[in-house]
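All remarks here apply to the structure that follows.
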Amino acid sequence: MHSWKSNVLARPEPEHEPSAAPRHWPQLVFAREDAAGSDEQTEPLARILVVEDDFLVATEIEMALSDAGFDVAGVAAFADQAVELAQSQRPALVVMDVWLAGERDGIHAAVEIFRKLGIRCIFATAHYDQHSLERAGPAMPLGWLQKPYSMVSLVNAVRRALRELDP
């Protein structure tokens with residue numbers, strides 16, 4: 001004998017023939033904190049500019065930052081393009097590769113962006129040496145990520161940098 005009190009979570013026995021279509025049970029759906037319709041106001045997302053000339057790496061960075069809740073202001077592959085995007089989009093922070101396609105490198109772009117707009121960066125590069133550190137000094141970088149790096153370490157570095165910008 002089956003008692004209805006014995007297992008509240010147990011599914012009832014099917015009331016259909018074995019050849020009939022099975023009954024589909026509802027699936028659990030969880031809403032995110034920032035879901036539409038929420039009464040709570042969330043703070044605006046920090047805008048991040050990505051400067052990386054390797055398309056696959058740039059795409060991975062863009063996806064990781066978006067997944068972490070940041071607003072990616074754009075992706076630039078050239079120094080001049082980075083400066084133009086920074087001027088038009090006014091990001092809170094730039095993730096900057098040192099070696100870029102074209103004549104100017106990421107350090108040139110970072111220094112120009114900082115001098116013109118006051119926007120600081122995190123350098124994400126395989127080219128981390130004393131000479132690069134010295135050249136990058138006028139850009140007041142908030143950090144250096146040495147390639148190869150994980151997307152988790154990138155997101156954490158961005159979060160640390162944003163906390164430093166907004167104490």
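None of the values given here were measured: they were computed from a predicted structure.
- Residues V155 and A64 come closest through the heavy atom pair CG2-O, 3.9 Å.
- With values rounded to the nearest 0.5 angstrom, I113 atom CD1 is found 6.0 Å from L49 atom CG.
- For the residue pair A77 and L100, the shortest heavy atom distance occurs at O-CB, 3.7 Å.
- The CD atom of Q146 lies 8.0 Å from the OG1 atom of T125; values are rounded to the nearest 0.5 Å.
- Other residues, nucleotides and ligands place no more than 12 heavy atoms under 6.0 Å from the CD atom of E103.
- Within the 4.5 Å cutoff, the side chain of S132 has heavy atoms near those of the W144 side chain.
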- Task: Check the pair R120 / L165 against side chain to side chain contact (heavy atoms under 4.5 Å, CB included), numbers first and verdict last.
- Result: CA-CA 9 Å; R120 295 171 70 186; L165 288 173; 4.0 Å; yes
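- Ion pair R159/E164 not flagged as a salt bridge, since none of the NZ, NE, NH1 or NH2 atoms sits closer than 4.0 Å to an Asp/Glu carboxylate oxygen.
- Using a 4.5 Å heavy-atom cutoff, the side chains of I122 and V94 are not in contact.
- The structure places CG of N156 at 13.0 Å from OH of Y149, a figure rounded to the nearest 0.5 Å.
- The hydrophobic cluster containing F114 does not contain V158, counting ILVMFWY residues as joined when their side-chain heavy atoms lie under 4.5 angstrom apart, directly or transitively.
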- Task: Kindly determine whether F70 and L45 satisfy side chain to side chain contact (heavy atoms under 4.5 Å, CB included), including the steps that lead there.
- Result: CA-CA 5 Å; F70 297 107; L45 302 172; 5.8 Å; no
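- Rounding to the nearest 0.5 Å places CD1 of I119 at 11.5 Å from CD of E112.
- Counting all heavy atoms, side chain and backbone alike, A110 lies closest to M96 at N-CE, 3.8 Å.
- Taking every heavy atom of both residues into account, A136 and P141 meet most closely at O-CD, 3.4 Å.
- The two residues V83 and A109 come nearest to each other via the heavy atoms CG2-O, 4.2 Å.
- Under a cut-off of 6.0 angstrom, the local environment of CD in Q89 is crowded, with over 12 non-hydrogen atoms contributed by other residues, nucleotides or ligands.
- In this structure, the separation between CG on D105 and CZ on F78 is 14.0 Å, given to the nearest 0.5 Å.
- Residues E62 and E52 fail the side-chain proximity criterion, which asks for heavy atoms closer than 4.5 Å.
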- Message: For V95 and C121: C-alpha separation, side-chain torsions, deciding distance, then whether side chain to side chain contact (heavy atoms under 4.5 Å, CB included) applies.
- Response: CA-CA 6 Å; V95 175; C121 72; over 6 Å; no
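- Checking each of D71, I61, L162 against I48 for a side chain to side chain contact (heavy atoms under 4.5 Å, CB included) leaves exactly one that passes, namely L162.
- At a threshold of 4.5 Å between non-hydrogen side-chain atoms, the residues F55 and V75 do not count as touching.
- In this structure, M63 and T59 have side chains that are in contact, with non-hydrogen atoms separated by less than 4.5 Å.
- Two residues are said to be in side-chain contact when any heavy atoms from C-beta on lie closer than 4.5 Å; R104 and D80 meet this criterion.
- In this structure, the separation between CZ on R115 and CE on M140 is 12.0 Å, given to the nearest 0.5 Å.
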- Message: Under the criterion side chain to side chain contact (heavy atoms under 4.5 Å, CB included), I'd like the reasoning laid out for V51 against D97: C-alpha separation, chi angles, the key distance, then a yes or no.
- Response: CA-CA 6 Å; V51 184; D97 187 14; 5.8 Å; no
